[in-house]
Amino acid sequence: MDFYRIVEIGPLQLDWSLTTTLIEQWEPETHTFHLSIGDATITLQDVEHLYGLPVDENPVALLNAIREYTGLQYLEMLQRLTGFQPPDETVFIGASRLQLMPVRQHLEAMRADITDDAPELHIHRYTRLLMFLMFGGFLFPNTSGNLVSLRFLHHLERLDDLHYYSWGAAVIGYLYMQMCRASMGTQLDVAGFLPLLQVKT
């Protein structure tokens, strides 16, 4: 599915002072860091080479029909694709976001059932939930650090199609947007795939 290198590298310890310094040097108009040695930026090639995320495939986009989904419709899709049903309504925020902790806990419980004899349906549900967690907790995290958008679910309908999308372009676009908001003061914290900042520098 083209996400193996991210799983293989695993979580990195982030240097928040470095991240803060870089955000202070970010130029929203040009999407570059204005450094004493010259301007620099993160490119699509960086995302592709460092993390193996495709950049030349179909755009990651939300279908119009999905944009109109209600919270209940998202929850039904979540249950159908992953077998996960949130334990109570307090973990569901707004119309399309879910707290990450219950998802992590359910994933841990499912892991014990993954064996050589596990049914294919169980493995697919586990994989979808793991990908869902990766999207919300690692590739496209928000500033809360504890919410994942249910809008990613429609990309998990067909696991075999995931590599046909330009995840690298989506990741860098989201990171640029988050850095612009943080540098202009429209949000206090920065979110996005921050390991790109540290590895690139």
Side-chain angles (χ1 to χ4, degrees), residues 2-3 5-7 9-35 40-44 46-48 50-55 59-62 66-67 69 71 74 78 86 90-105 107 129-156 162 165-201:
D2 290 327
F3 294 99
R5 195 174 304 173
I6 289 177
V7 174
I9 293 170
L12 296 174
Q13 184 66 39
L14 294 175
D15 182 339
W16 286 106
S17 60
L18 173 63
T19 300
T20 302
T21 301
L22 286 171
I23 296 303
E24 290 170 357
Q25 302 303 317
W26 182 250
E27 295 287 342
E29 297 83 14
T30 59
H31 291 162
T32 57
F33 299 105
H34 186 64
L35 307 173
T41 195
I42 302 166
T43 67
L44 290 172
D46 293 329
V47 181
E48 187 174 34
L50 292 170
Y51 290 98
L53 293 174
V55 298
V60 177
L62 193 62
I66 301 290
R67 292 177 194 271
Y69 267 30
Y74 277 121
L78 177 67
T90 61
V91 301
F92 192 64
I93 311 297
S96 64
R97 294 185 298 169
L98 184 70
Q99 289 182 8
L100 285 171
M101 188 54 69
V103 177
R104 285 190 182 105
Q105 292 168 343
L107 200 58
L129 201 58
L130 183 63
M131 294 302 303
F132 182 60
L133 192 63
M134 182 186 293
F135 288 148
F138 199 60
L139 296 176
F140 304 98
N142 56 42
T143 54
S144 77
N146 188 40
L147 295 175
V148 58
S149 173
L150 291 162
R151 293 178 172 176
F152 289 113
L153 285 172
H154 87 280
H155 287 291
L156 301 178
L162 278 176
Y165 291 97
S166 292
W167 293 106
V171 163
I172 200 171
Y174 183 76
L175 179 61
Y176 276 15
M177 179 184 68
Q178 292 293 320
M179 289 193 299
C180 288
R181 288 177 177 174
S183 67
M184 293 186 295
T186 57
Q187 68 187 32
L188 294 176
D189 298 316
V190 66
F193 189 44
L194 298 179
L196 267 173
L197 295 180
Q198 189 159 310
V199 172
K200 176 64 175 172
T201 55

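Predicted, not measured: the structure shown is a model, and the values here were computed from it.
For the pair P102 and P86, the minimum side-chain heavy-atom distance is 4.5 Å or more. Side-chain atoms of F132 and L100, non-hydrogen and from C-beta on, never get closer than 4.5 Å to each other. The shortest distance between side-chain heavy atoms of T21 and F33 does not fall below 4.5 Å. Contact annotation: the side chain of H31 approaches that of C180 to within less than 4.5 Å [non-hydrogen atoms, C-beta and beyond]. Taking 4.5 Å as the limit, some side-chain heavy atom of T143 sits within range of a side-chain heavy atom of Q178. Inter-residue side-chain proximity for L197 and L18 is flagged as unmet; no heavy-atom pair is nearer than 4.5 Å. At least one side-chain heavy atom of L78 sits less than 4.5 Å from a side-chain heavy atom of L98. For the pair L139/F3, a side-chain contact is recorded, criterion being any heavy-atom separation below 4.5 Å from C-beta on.
The ring of F135 has its center closer than 6.0 angstrom to the ring center of W167.
Across all non-hydrogen atoms, the minimal contact from A40 to L35 is CB-CD1, 4.3 Å. The heavy-atom pair separating G136 from V148 by the smallest distance is CA-CG2, 3.3 Å. Heavy atoms only, all atoms of each residue included: V190 and A182 are closest at CB-CB, 4.0 Å. The minimum heavy-atom distance linking M179 with I23 is given by the pair CG-CD1, 3.4 Å. R97 and L147 make their closest contact through NH1-CD1, 3.5 Å (heavy atoms, listed as atom of the first residue, atom of the second, distance). Minimum interatomic distance between S183 and P28 (heavy atoms only, all atoms of both residues): OG-CG, 3.3 Å.
Relative orientation of the Y51 and F193 rings is perpendicular, given thresholds of 30° and 60° on the angle between their planes.
For the atom pair Q99 CD and Q105 CD, the distance stands at 10.0 Å (nearest 0.5 Å). Put simply, CG on N142 and CG on D189 are 10.5 Å apart, with the number rounded to the nearest 0.5 Å. The line from CE of M177 to CG of L175 is 9.5 Å long, rounded to the nearest 0.5 Å. For the atom pair D15 CG and L194 CG, the distance stands at 11.5 Å (nearest 0.5 Å). Between H155 atom NE2 and L162 atom CG the span is 8.5 Å, to the nearest 0.5 Å.
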Residue pair I172, V55: steps toward the side-chain contact (heavy atoms from CB on, under 4.5 Å) verdict: CA-CA 10 Å; I172 200 171; V55 298; over 6 Å; no
Full working for side-chain contact (heavy atoms from CB on, under 4.5 Å) between R151 and F140: CA-CA 12 Å; R151 293 178 172 176; F140 304 98; over 6 Å; no
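Between the Y165 side chain and the A61 main chain, no donor and acceptor come within less than 3.5 Å of each other.
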